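Let me begin by presenting the structure, written as C-alpha cells, before commenting on it.
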Amino acid sequence: MSIYAKMQQSKDELFSSYTTRPFYLPIKPESLPPLRRSDSSDTLEDATASDSSSTDDASSLTSLPGSTPSSVSSISERSSQANSPAPIYEDELSKRSEFFWTYQEEPHRTRRMQILKAHPEVTKLCGHEPLTKYVITGVVALQFLTAYLLRNTPLFSLKFLLTAYVIGATANQNVFLCIHELSHNLGFKRPIHNRLFAIFANLPIGIPYSASFRPYHLIHHKHLGDSALDADLPTALEAVVFQNVAGKAFFATFQIFFYAVRPMFVMKLPFTHIHLLNVIVQLVVDYVMVKAWGSKALLYFITSSFFAGSLHPCAGHFIAEHYVLNPTQAPLNSEIPPPETYSYYGILNLFTYNVGLHNEHHDFPFIPWTRLPLLTQIAREFYEPLPYHNSWTKVIWDFVLDDNVSLWCRVKRGVSSGSNQLITAAKNIDEAKTVRDDDNGDEDIEKSLLEKKTD
C-alpha cells in the first residue's frame with residue numbers, strides 16, 4: 001500500500017472515530033456536543049463548555065463585554081472579560097489615524113503548536129481533497145452555460161444584472177475560493193497539477209488571476225500583519241482616503257479592485273511561466289467566447305466577478321476575516337493586541353469552501369475545506385473562546401456604517417514609526433518573498449508529515 005493510501009485510510013478511521021455532523025458542514029464551537037469517541041464511552045475533557053455564554057441568533061449577538069452590538073460574538077464571556085483591556089471613548093476612536101500594532105508573534109503558529117501537542121491526530125486531517133475538482137468543474141460549467149444563455153441579453157437589463165448578482169457572483173466567489181484551496185496544494189498531490197487546474201478554474205473570472213494570487217496569499221499566511229509583505233493589509237493612503245461612511249461604502253463596493261491592484265504597490269514578485277500560461281489561456285478562451293457567443297457572454301463573466309467582490313453577502317468574508325469590528329475593546333496604546341482573525345460558521349460556507357472557518361484555516365492551511373469542521377470539533381477548547389461572526393452581510397453593514405470601524409482597524413506586526421513607512425519583521429525580506437512550488441503555507445505541518453514519511 002502506498003504512503004498516500006495509508007494516509008487516506010488513517011484519515012477515514014479518524015473521521016469515523018468521532019460522532020459529528022456531515023463532514024462538510026461547519027458548526028459553531030459552542031454548539032458542539034462534548035467530544036465522544038465512538039470506540040469509547042468516555043467523554044473527552046471539555047474545560048470550557050461550562051463557561052460558554054449563551055447566544056441569541058436572532059439579534060446577531062453582542063461583541064466583547066461592554067461593547068455595542070455588532071456582528072462579532074464572544075463565545076466565552078469569562079475568558080473575554082479576563083483578557084479584554086479597558087475600553088476607550090468613542091470620540092478617541094473617531095480620530096483614529098493609526099493601525100493596531102503588536103510586537104507579538106502571529107497567533108496562529110502559537111495555537112497550531114498547542115493544538116498539535118494536545119491533539120496530534122489533527123495531522124491526519126491534512127492532505128488533498130479529491131472532491132474539489134468535481135465541485136469546481138460543475139461551477140465552471142454552470143458559468144459557461146449561463147454566459148451562453150445570456151449572450152443576447154442587454155447588459156443593463158434586470159435579467160442580466162440579477163442573474164450576474166445572484167448566480168454569477170456566488171459562482172465566481174466559489175471560483176475565487178477554489179483557487180484559494182488550490183494555492184495551498186489541496187486539490188491534487190502534485191503541485192503542478194494544482195497550478196494547472198487553478199488556470200482552468202480561473203476561466204469564469206474573465207481575467208487572469210490564479211497565478212498571481214498564490215504567492216501573495218502564501219506570503220500573507222507566513223507574514224500575517226507585516227506591512228512590507230502582507231498585501232492583504234490596507235495601506236495608510238487607503239485608510240486616510242476612505243475613512244468616512246462614503247469612503248468605506250466606496251471601498252466595500254469596489255474592494256475587488258483594491259485586492260487586485262494593492263499587491264503590485266506593496267511588493268513586486270517575479271513573473272513566471274505559470275503567470276504567462278495563465279494569461280495566454282485566459283485571453284485565448286475569452287477571444288474564442290467573444291467570437292462564438294458575442295461580447296455579452298464575456299461581460300457576464302466580468303460583471304459576475306465584480307459583484308463577487310462588491311456588496312454581496314459572500315464578499316463579506318474579505319472584511320470579516322481580519323478587520324477588528326469591535327475596536328472599543330482595543331485601546332490605542334495597549335500592549336495587548338485585539339484578535340486579528342475571525343471565523344464565521346454560517347450557511348454561506350457551503351458556497352465558499354468553508355473559508356469562514358478562518359482561524360482554523362490559518363492555524364492549519366494544509367487541512368482542506370471538507371475537514372476544517374472536524375478540526376473545530378477536535379480542538380474545540382481552542383476555538384470556543386474566540387470571537388466569531390454571525391453574518392457576513394452584517395459585517396459589511398457594520399464596516400460601512402459604524403463610525404468606530406475603519407480601514408485603520410487592522411493589526412500590524414512590528415514597530416510603528418509612522419503610518420506611511422513600510423515596516424517588516426522579516427529578517428531577510430528577499431527570502432520572505434520566495435514561494436516554493438510545493439509550498440503549502442504551513443511549514444510546521446510540512447515538517448511533521450515529512451518526518452512521518454521518513455519514519
Side-chain angles (χ1 to χ4, degrees), residues 26-32 47-88 93 99-100 102 104 106-108 110-112 114-115 224-225 232 316-331 334 336-346 348-349 354-363 372-373 375-377 379-399 402 404-406 408-412:
I27 183 171
K28 298 174 183 178
E30 87 281 8
S31 302
L32 290 167
T48 59
S50 60
D51 295 328
S52 63
S53 57
S54 60
T55 58
D56 181 4
D57 291 333
S59 62
S60 192
L61 303 182
T62 305
S63 63
L64 297 177
S67 64
T68 56
S70 77
S71 62
V72 182
S73 298
S74 177
I75 309 300
S76 175
E77 186 171 349
R78 192 177 76 176
S79 297
S80 299
Q81 289 174 334
N83 295 312
S84 296
I88 56 177
L93 281 169
F99 297 100
F100 295 103
T102 177
Q104 300 177 11
E106 61 97 0
H108 300 290
T110 303
R111 187 162 53 240
R112 180 188 311 143
Q114 292 172 343
I115 292 175
L224 181 66
D232 188 68
H317 81 87
F318 290 119
I319 297 172
E321 290 166 358
H322 296 293
Y323 277 87
V324 181
L325 296 188
N326 54 343
T328 54
Q329 291 296 311
S334 172
I336 304 175
E340 54 192 288
T341 306
Y342 300 83
S343 288
Y344 158 79
Y345 299 97
L348 294 181
N349 280 298
N354 282 331
V355 75
L357 280 66
H358 215 65
N359 268 302
E360 291 87 338
H361 169 64
H362 266 267
D363 289 350
L372 282 176
L375 170 63
T376 309
Q377 183 174 9
R380 171 185 175 178
E381 70 272 23
F382 291 92
Y383 295 113
E384 184 170 335
L386 302 178
Y388 66 88
H389 293 293
N390 291 303
S391 167
W392 278 341
T393 303
K394 194 172 187 304
V395 163
I396 299 175
W397 180 274
D398 289 343
F399 175 79
D402 190 339
N404 295 328
V405 178
S406 69
W408 294 112
C409 294
R410 287 291 298 266
V411 178
K412 288 194 173 185

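Given the structure is predicted, the values throughout are model-derived calculations rather than measurements.
- Residues His389 and Asp398 have side chains not in contact (no heavy-atom distance under 4.5 Å, counting atoms from C-beta outward).
- Side-chain contact check for Tyr342 versus Tyr388: every heavy-atom pair is 4.5 Å or farther apart.
- Side-chain contact check for Tyr345 versus Thr376: some heavy-atom pair is nearer than 4.5 Å.
- Using a 30° and 60° split on the angle between ring planes, His317 and Trp392 fall in the tilted class, from 30° to 60°.
- Under the 4.5 Å side-chain criterion, counting only non-hydrogen atoms from C-beta, Asn349 is in contact with Leu357.
- Under the side-chain hydrogen bond (donor to acceptor under 3.5 Å, both in side chains) test applied with Ser343, the options His361, His358, Glu360, His362 reduce to a single match, Glu360.
- For the pair Pro373 and Asn354, the minimum side-chain heavy-atom distance is below 4.5 Å.
- With sequence neighbours left out, Glu340 forms a side chain to side chain donor-acceptor pair (under 3.5 Å) with Arg413.
- To the nearest 0.5 Å, the span separating SG on Cys409 from CZ on Phe99 amounts to 9.5 Å.
- Partners of Thr341 by side chain to side chain donor-acceptor pair (under 3.5 Å), not counting sequence neighbours, listed by chain and number: His108, His322.
- For Phe382, the ring pair (Phe, Tyr, Trp, His ring centres under 6.0 Å) test picks out no residue, with sequence neighbours left out.
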Can you list the steps and then say if Leu325 with Asp402 is a side chain to side chain contact (heavy atoms under 4.5 Å, CB included)? CA-CA 9 Å; Leu325 296 188; Asp402 190 339; over 6 Å; no
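- Under a cutoff of 6.0 Å and an axis angle of 45°, Arg410 and Tyr323 form a cation-pi pair.
- Side-chain contact between Val411 and Pro338 is present, with heavy atoms from C-beta onward closer than 4.5 Å.
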